[in-house]
Amino acid sequence: MEHLYAEDPKILLIEECRMGRRVKLSSINIVCTEKCNLECIYCYRKHRRKCEKRADPEHVQEELSRINNMDISKVILTGGEPLLYPDILNLIHMFRDKTVTILTNGIIPIKELDDTDEIVISVDGTEEDMYSNRGISPPQYKIIRQNIAYYIRNKKQVSVHCVVTKHNIDNLISWIKNEPFIGQVKFRIVPVSDANETGIGLTQSQYSTLLETLKTILQDYNFHIDLSTNIVSKRMFKDTVSEEYPIMISPDYNLVTDQYELFDEKYNTCEEMLNCYSDKMRSVTKTIIDYLNNEEDYYLFDPYSLAEKLLKEGEN
């Protein structure tokens, strides 16, 4: 069952150069816009949608060129809803020599697909689940389904990004088993943790239920389904990371603010961000390991959400 613990795209192992304790990133998220056409209940950017600040376009273009010349393999275009960014096709084309992934809610179609390596579409389940989690209407749900079919016909790699909350966890098995695109798309199952006290996240017992749910789905389909999740066991986490090689969360470069961001921390340059990144994540990793040492042997958790909580609270 090890493939259930596949690496989340936002959590990376650190690669360090020996000189200067510098961090080498393998991917970066580019926040194209703060605007969105949905009101998802778990969105951590919803409070920023009225952002009036606009960065200098020339400087943003210079920074994008620097990112393009960085030794990174993957660029993830996100938002808000990245397809609301007016120059999105040129942005996709700019990074054609890297792996380009776009994270979208699937309502706006991508017509020019040549330079997009992976399209990740947010689908949390049935029409009813999508209404509960994202406020999706029946006509919008139909459009999302049509767009997924369009991408598959065009032979693009499509992943379904399923956010699991207390509202849709009970319907997960029946939804995936009845999914018509099963075998044609990857499923990324991302639980919302109670670590940030949102009121919609999963408890520890629900984490265990979710893992059993994923095992059942895999067994019923003879493992011919591509599932990944950022849930890991205590053993897996401690075998994978350490203070010397901590977890790393891919930073954001925000086109609206022209800043690099790691949750609530903001940096004016990539160099400034990298200078403090390594020590920050070492401290977070140590805190998580110390916490796990006080927990039961078989402990399931989401290190991404826990790291987010620690970073936001200053690791207190």
Side-chain angles (χ1 to χ4, degrees), residues 2-12 26-32 36 38 40 42-43 73-83 88 92 95-96 98-126 129-130 133-134 136 140-141 143-165 168 172-173 175-192 210 213-214 217-218 221 223-232 249-250 252 302 304-305:
E2 296 300 330
H3 60 294
L4 273 179
Y5 308 123
E7 175 184 294
D8 182 85
K10 294 183 180 177
I11 301 178
L12 309 165
S26 62
S27 71
I28 191 166
N29 306 310
I30 295 181
V31 180
C32 304
C36 191
L38 292 181
C40 302
Y42 41 73
C43 178
S73 59
K74 187 172 185 178
V75 171
I76 302 146
L77 304 180
T78 182
E81 170 49 54
L83 295 183
I88 187 65
I92 292 171
F95 294 105
R96 64 187 179 278
K98 302 184 184 298
T99 299
V100 177
T101 295
I102 189 161
L103 307 184
T104 172
N105 58 40
I107 295 175
I108 304 172
I110 306 171
K111 293 299 184 183
E112 298 181 35
L113 302 169
D114 290 348
D115 295 319
T116 309
D117 297 286
E118 181 186 21
I119 302 169
V120 181
I121 300 180
S122 300
V123 182
D124 296 343
T126 64
D129 292 329
M130 287 286 276
N133 274 4
R134 298 178 180 268
I136 290 284
Q140 288 174 320
Y141 189 76
I143 290 172
I144 293 169
R145 310 296 301 184
Q146 290 171 341
N147 285 333
I148 292 175
Y150 171 77
Y151 302 140
I152 291 174
R153 285 198 306 272
N154 281 272
K155 303 187 185 308
K156 300 306 294 183
Q157 180 176 319
V158 179
S159 296
V160 169
H161 183 87
C162 174
V163 178
V164 183
T165 69
N168 64 329
L172 202 59
I173 286 184
W175 166 60
I176 292 181
K177 285 185 175 182
N178 292 310
E179 173 55 53
F181 298 125
I182 203 165
Q184 297 176 286
V185 301
K186 296 182 178 180
F187 289 86
R188 295 182 180 179
I189 309 298
V190 182
V192 174
L210 178 57
T213 296
L214 299 182
I217 293 169
L218 289 170
Y221 280 91
F223 296 87
H224 294 150
I225 180 173
D226 194 338
L227 277 174
S228 66
T229 178
N230 53 349
I231 296 176
V232 298
I249 301 169
S250 296
D252 297 344
D302 173 1
Y304 174 77
S305 294

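In this text the structure is predicted, and so the values were computed from the model without any measurement.
- Partners of Asn154 by side chain to side chain donor-acceptor pair (under 3.5 Å), not counting sequence neighbours: none found.
- When the ring pair (Phe, Tyr, Trp, His ring centres under 6.0 Å) test is applied to Phe187, the partners found at least two apart in sequence or on another chain are Trp175.
- Closest of all the heavy-atom pairs between Ile88 and Pro82 is CD1-O, 3.6 Å.
- Counting heavy atoms from C-beta on, the side chains of Leu218 and Ile225 come closer than 4.5 Å.
- With sequence neighbours left out, Lys111 forms a side-chain contact (heavy atoms from CB on, under 4.5 Å) with Pro109, Tyr150.
- Checked against side chain to side chain donor-acceptor pair (under 3.5 Å), Gln140 has the following partners two or more places apart in sequence or in another chain: Ser137.
- When side chains are defined from C-beta on, Val120 does not count as touching Thr104, because their heavy atoms never get closer than 4.5 Å.
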> Passes side-chain contact (heavy atoms from CB on, under 4.5 Å), Thr101 versus Lys74? Steps please.
Replying inline: CA-CA 8 Å; Thr101 295; Lys74 187 172 185 178; 3.2 Å; yes
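- Atom CG of residue Leu38 and atom OG of residue Ser122 lie 8.5 Å apart, to the nearest 0.5 angstrom.
- For the pair His161 and Val123, the minimum side-chain heavy-atom distance is 4.5 Å or more.
- In this structure the side chain of Ile144 reaches within 4.5 angstrom of the side chain of Ile121, judged on heavy atoms.
- You'll find the side chain of Ser159 reaches within 4.5 Å of the side chain of Glu118, heavy atoms only.
- Here Asp124 pairs with Tyr42, Met130, Asn133, Arg134, Val163, Asn168 under the side-chain contact (heavy atoms from CB on, under 4.5 Å) rule; sequence neighbours left out.
- Under the rule for a side-chain contact (heavy atoms from CB on, under 4.5 Å), the partners of Asp117 that lie at least two apart in sequence or sit in another chain are Thr99, Val100.
- The shortest distance between side-chain heavy atoms of Val164 and Ile189 falls below 4.5 Å.
- The side chain to side chain donor-acceptor pair (under 3.5 Å) search around Thr213 returns none, not counting sequence neighbours.
- With values rounded to the nearest 0.5 angstrom, Leu172 atom CG is found 8.5 Å from Asp129 atom CG.
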>> I'd like to know whether Glu112 forms a salt bridge (Lys or Arg N to Asp or Glu O under 4.0 Å) with Lys156, so could you lay out the CA-CA distance, the side-chain angles of the two residues, the decisive distance to 0.1 Å, and finally the verdict.
In response: CA-CA 11 Å; Glu112 298 181 35; Lys156 300 306 294 183; over 6 Å; no
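- The main-chain N or O of Ile92 is never found under 3.5 Å from a side-chain atom of Asp115 such that the two would form a donor-acceptor pair.
- For Ile107 against Ile143, the heavy-atom pair with the smallest separation is O-CG2, 3.3 Å.
- Pairing each heavy atom of Cys32 with each of Leu77, the nearest pair is SG-CB, 4.1 Å.
- Taking the side chain as every heavy atom from C-beta outward, Cys40 and Asn105 never approach each other to under 4.5 Å.
- Side chain of Ser250 to main chain of Ile28: no donor-acceptor pair is present (N/O by atom type, distance under 3.5 Å, no hydrogens or angles).
- Within the model, atoms CG of Leu214 and CD1 of Ile173 stand 8.5 Å from one another, a figure rounded to the nearest 0.5 Å.
- With sequence neighbours excluded, the residues forming a salt bridge (charged side-chain N to carboxylate O under 4.0 Å, His left out) with Glu179 are Arg145, listed by chain and number.
- The minimum heavy-atom distance linking Tyr151 with Ile108 is given by the pair OH-O, 3.8 Å.
- Under the side chain to side chain donor-acceptor pair (under 3.5 Å) criterion, Lys177 pairs with Asp220, not counting sequence neighbours.
- Here the CG atom belonging to Leu210 is positioned 6.0 Å from the OG1 atom belonging to Thr229, to the nearest 0.5 angstrom.
- For the pair Val160 and Phe181, the minimum side-chain heavy-atom distance is 4.5 Å or more.
- Contact detail for Asp302 and Pro191: the closest heavy-atom pair is OD2-O, 3.5 Å.
- Remark: Ser27 OG to Asn29 CG distance equals 6.0 Å, nearest 0.5 Å.
- Contact between Ile176 and Ile182 at its shortest, heavy atoms only, is O-CD1, 3.5 Å.
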